[in-house]
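Residue numbers start at 1 and run along the sequence shown. Being a predicted model, the structure only gives us computed values, none of them experimental. Every number for a ligand or one of its atoms is a count from 1 in the order of the listing.
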Amino acid sequence: MSPIKIANTQYEVIDLIKNRWSPRSFAEKALDAATVETILEAGSWAPSANNSQPWRFIYALRGTTGFDKLLATLAPGNLPWAKNAAALVATIGIRETPDTQQKNHYYMHDVGMATSFMLLQGLEMNVYAHIMAGFNKQQAAEVAALPANEEAVSILALGYIDSAEKLDEPYKTRELTPRSRNPITTIAAHLD
Ligand SMILES: Cc1cc2nc3c(=O)[nH]c(=O)nc-3n(C[C@H](O)[C@H](O)[C@H](O)COP(=O)(O)O)c2cc1C
């Protein structure tokens with residue numbers, strides 16, 4: 001059985017947010033390009049500073065050379081489970097605005113915004129995502145042939161979810177551990 005890791009919230013937040021979590025057990029079921037691109041398009045509709053859209057998304061489906069190349073950039077702690085993802089997506093941040101060559105101070109923020117939208121769109125389609133910062137940035141830049149003003153921000157593992165039993169430790173325990181967050185009282189302040 002795949003675990004259900006519904007957020008135990010103080011207030012009633014929307015189901016997509018309550019039900020989203022970052023799994024490591026992915027099913028053999030493949031993803032097609034149209035499904036992945038639907039998720040990427042959702043990301044593209046995220047807000048960004050000045051509508052600069054400082055992002056690109058480079059994806060590869062399992063079973064392709066591209067997938068193996070992105071997989072090879074992952075840290076040892078991510079490789080054992082991410083190899084079973086149905087797709088990998090490198091989210092790319094564009095550091096300077098192409099027209100003006102000015103530094104875009106919000107590119108990381110905006111790539112994160114787009115990534116959030118992708119995660120929620122994916123879940124609506126039963127496709128789960130696991131964000132990873134554990135990868136070799138230089139190697140990813142080479143694999144994706146990034147120009148000097150672009151940077152790989154994260155790699156997403158995408159796929160349908162499978163049983164926690166399929167995982168070895170320590171991943172199995174992590175898969176079954178309930179999600180937790182700092183209570184809202186500790187992070188929200190009401191300014192009178
Ligand atoms: C920027 C970023 C980098 C992350 N890098 C990794 C990673 O390299 N490996 C990993 O297993 N999880 C990674 N995660 C997943 C987080 O550990 C996970 O989102 C967090 O523990 C909360 O769990 P939840 O997403 O299930 O609520 C990353 C998440 C973010 C947002």
Side-chain angles (χ1 to χ4, degrees), residues 1-11 13-27 39-40 42-43 46 48 54-60 67 70-95 106-141 143-144 150-164 166-184 186-187:
M1 278 283 289
S2 52
I4 298 170
K5 306 228 293 189
I6 300 173
N8 181 16
T9 61
Q10 181 175 334
Y11 295 104
V13 304
I14 60 172
D15 284 347
L16 279 179
I17 288 175
K18 269 185 29 181
N19 297 341
R20 186 214 59 82
W21 61 284
S22 304
R24 293 185 174 84
S25 183
F26 290 104
I39 291 168
L40 303 187
S48 62
W55 50 56
R56 296 201 298 128
F57 313 118
I58 297 175
Y59 74 91
F67 184 95
L70 284 178
L71 189 70
T73 70
L74 297 182
N78 289 327
L79 254 175
W81 55 269
K83 68 178 191 314
N84 295 322
L88 293 173
V89 180
T91 71
I92 311 297
I94 303 172
R95 292 196 206 92
Y106 283 90
Y107 77 96
M108 277 283 190
H109 174 279
D110 292 347
V111 172
M113 294 281 301
T115 306
S116 284
F117 275 43
M118 288 185 216
L119 266 47
L120 298 180
Q121 175 69 40
L123 194 59
E124 177 73 15
M125 300 158 74
N126 249 339
V127 177
Y128 282 75
H130 197 133
I131 305 172
M132 293 173 282
F135 67 97
N136 184 313
K137 280 211 177 206
Q138 184 56 41
Q139 201 184 337
V143 162
E150 296 187 3
E151 149 182 2
V153 174
S154 69
I155 296 184
L156 314 180
L158 296 184
Y160 298 97
I161 203 169
D162 206 344
S163 154
K166 272 185 40 174
L167 295 169
D168 293 327
E169 293 297 355
Y171 307 114
K172 184 174 159 187
T173 297
R174 287 183 200 161
E175 200 80 342
L176 296 168
T177 304
R179 300 165 62 223
S180 69
R181 290 297 189 270
N182 295 327
I184 186 69
T186 67
I187 56 166

May I ask you to decide if Ala27's main-chain N or O and Lys166's side chain share a donor-acceptor pair within less than 3.5 Å? no

In residues 81-89, what donor-acceptor pairs under 3.5 Å come from side-chain atoms, sequence neighbours left out?
unit_1, atom_1, unit_2, atom_2, d
Trp81, NE1, Gly77, O, 3.0
Lys83, NZ, Pro80, O, 2.8

In short, salt bridge (Lys or Arg N to Asp or Glu O under 4.0 Å) pairs touching residues 122-135 with sequence neighbours left out are none

Every residue of the protein that comes under 4.0 Å of ligand 1, judged on heavy atoms: Arg20, Trp21, Ser22, Arg24, Asn78, Trp81, His130, Ile131, Met132, Ala133, Gly134, Arg179, Arg181

Arg20 and Arg179, any side-chain heavy atoms less than 4.5 Å apart: yes

Under 3.5 Å, which donor-acceptor pairs do the side chains of residues 109-123 form with other protein atoms, sequence neighbours left out?
unit_1, atom_1, unit_2, atom_2, d
Asp110, OD2, Ala49, N, 2.8
Thr115, OG1, Val111, O, 2.7
Ser116, OG, Gly112, O, 3.4

Would you say that more than 12 heavy atoms from the other residues, nucleotides or ligands in this model lie under 6.0 Å from the OH of Tyr106, or not? no

